[in-house]
Amino acid sequence: MMTFQGSHILSVSQFDRDAIAKILTVSAQMMPYAARKKRCYVLDGAILSNLFFEPSTRTRVSFGTAFNLLGGFVRETVGEENSSLSKGESLFDTAQVISGYSDVIAMRHPKMHSVSEFAQGSTVPVINGGDGANEHPTQALLDLFTIQSEMAKFDKGLDGLNIVLMGDLKHGRTVHSLSKLLSLYHKVKITMVSPKALQMPDAVVSTLTNAGHEVIITDTMAGNLACDVIYQTRIQQERFASKGEADLYRGHFSLNRNIYRKYCRENTVIMHPLPRDSRPEANELDTDLNDLENLAIFRQAQNGVLVRMALFALTLGVEDQLSQYEKPVNWYSNK
Ligand code: CP
C-alpha cells in the first residue's frame, strides 16, 4: 500500500484498493468530529493553504472546514487575478513560497496537470482540488464513500455495482476520476449516457474495459437507467469555447421525477457532484426529485468533509492519534 505521510494526492491512479479502503475507514472515523459531537485538535498549530484559482463552493469550503475540524488553521487565496500568478509568477515559484508558509496545500486550477506541476515546487503535501478537465481525486473518493454508504442500506457493496454516468462525460473531471477508481473493483457495469460529442475520453473507457468491466456507451436514456446508482453531471460550460457551444447540449439529459419513475429502479440512488445547473434551460436534476430519500446529493457533499479530514490526517501522519486529541463540545448542536 502507498505511504500516505508526506505524499501529494494528485490523481486517483496512485491508489490501490488497500489505500482506498484505508481512506474510507479513516473517513468514517471522522464522523463524530464532523458532526461536532466531539472536538479533535490533532492538527493544532498546523496550517493549510487553500489555493483556489477557479470557482468552487463545496471543495474549497469543505477543505477548510475539514482542516479546522482537526484543529488546524486555514489561509486562502481565491482567484488567479488576486494572486501573483497574474504577474507572471510560475507555479513552481509560487509553490516554493507557499509551502514555506504551510504544512499542507489544497489547490484547484483551471489548467490540466497544473497541480502536479505546482507540487514539484512544494516541500509539503499538495492535494489536488481539481485541475481543469483532468481529475478531481478527492471528489472521486467522497463519491466512492457515498456509494459505499448508500449501497450498504441495500446490503450491496462496490463490487458488482451497476452505475450510470450521465451528462458531460468529456469535460467532467469527477466522472473521469470516479471511473478510474471503480476500475479497481470487481464486475462493475458502467453505462455512459451523453451526447455523442461529449462522450467519455477513450483512455478512461479503456481503463475500465481493460480491467474486464462492462461498459455501455449510449446517447439514449430510455432502457439504460435501470441501475443501482445514477450519477448526473453538469454541462461544464467553462470548458467550452463559448457559452453558445455549451448551450447546444443543455437540457438534453435532464433527470426529473417522471424520467426517474419511468426508467430507473425503485431504489436507484441519485448522485451529482454539484453544483447542479437549476436554470430552466438546463435543469439537469429537477427539484421535483428533492423529497426522494434516494436523492443522495447533499449527503454526498457532506461526505466531502469526512474524506478531506481523512486525507489531511493521513498525509500529516496523525490518523492513529485522533482519540488522544479529543475534547467534548459545550455548545448546542442539533447534528
Ligand atoms: N463538486 C465540486 O467540486 O463542487 P465545487 O465546484 O463547488 O467545489
Side-chain angles (χ1 to χ4, degrees), residues 9-12 23 27 34 48-69 74 76-80 82 104-115 118 126-147 149-150 163 165-182 204 229-240 246 255 269-279 282 284-285 289 295-312:
I9 306 292
L10 300 174
S11 165
V12 290
I23 295 166
S27 300
L48 162 71
S49 283
N50 214 17
L51 311 181
F52 274 70
F53 299 115
E54 195 181 55
S56 169
T57 296
R58 276 145 292 275
T59 312
R60 181 172 65 82
V61 177
S62 65
F63 265 126
T65 301
F67 209 71
N68 287 152
L69 285 166
V74 181
E76 283 202 337
T77 289
V78 175
E80 191 163 340
N82 299 317
V104 60
I105 297 169
M107 178 173 166
R108 171 175 289 188
H109 192 282
K111 205 175 98 201
M112 290 171 79
H113 308 296
S114 52
V115 182
F118 177 92
V126 175
I127 304 181
N128 183 359
D131 59 327
N134 183 39
E135 277 216 39
H136 195 345
T138 64
Q139 177 73 43
L141 290 165
L142 77 89
D143 290 341
L144 213 59
F145 184 91
T146 304
I147 295 170
S149 320
E150 297 293 324
I163 185 168
L165 308 177
M166 186 157 83
D168 182 355
L169 305 184
K170 177 180 177 185
H171 303 106
R173 57 193 173 198
T174 68
V175 285
H176 302 168
S177 294
L178 178 60
S179 297
K180 290 181 197 170
L181 282 190
L182 287 173
V204 179
V229 175
I230 182 163
Y231 189 107
Q232 176 75 299
T233 66
R234 180 176 59 88
I235 298 294
Q236 309 278 304
Q237 184 181 308
E238 60 276 31
R239 314 272 176 237
F240 287 81
L255 187 64
V269 171
I270 304 168
M271 293 175 59
H272 190 303
L274 301 180
R276 62 174 153 176
D277 187 343
S278 294
R279 290 171 289 189
E284 65 210 12
L285 204 55
L289 295 160
L295 184 76
I297 57 175
F298 299 119
R299 295 191 289 276
Q300 185 182 354
Q302 289 296 319
N303 291 336
V305 174
L306 301 174
V307 168
R308 291 177 178 122
M309 289 175 80
L311 290 172
F312 287 136

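Counting convention: from 1, in listed order, for ligands and their atoms alike.
- Considering backbone and side-chain N/O atoms, P275 never comes within less than 3.5 Å of an N/O atom of ligand 1.
- Contact of the L144 side chain with the L178 side chain is registered, since non-hydrogen atoms from C-beta on lie closer than 4.5 Å.
- Of all the atoms in ligand 1, the ones that sit under 4.0 Å from a non-hydrogen atom of T57 are 5 (P), 7 (O), 8 (O).
- At a 4.0 Å heavy-atom cut-off, ligand 1 touches L274 through the backbone alone.
- Taking the side chain as every heavy atom from C-beta outward, E54 and K111 never approach each other to under 4.5 Å.
- Of all protein heavy atoms, the one closest to atom 6 (O) of ligand 1 is R108 NH1, 2.9 Å.
- Side-chain atoms of F53 and M107, non-hydrogen and from C-beta on, do get closer than 4.5 Å to each other.
- Checking H136 against R108 by side-chain atom types alone, a donor-acceptor pair falls below 3.5 Å.
- Residue R58 has at least one nitrogen or oxygen atom sitting less than 3.5 Å from a nitrogen or oxygen atom of ligand 1, judged on distance alone.
- Every atom of ligand 1 with a heavy atom of T59 under 4.0 Å away is listed here by number and element: 2 (C), 3 (O), 4 (O), 5 (P), 8 (O).
- Proximity of I147 to I163: side-chain heavy atoms (C-beta onward) are separated by under 4.5 Å at one or more points.
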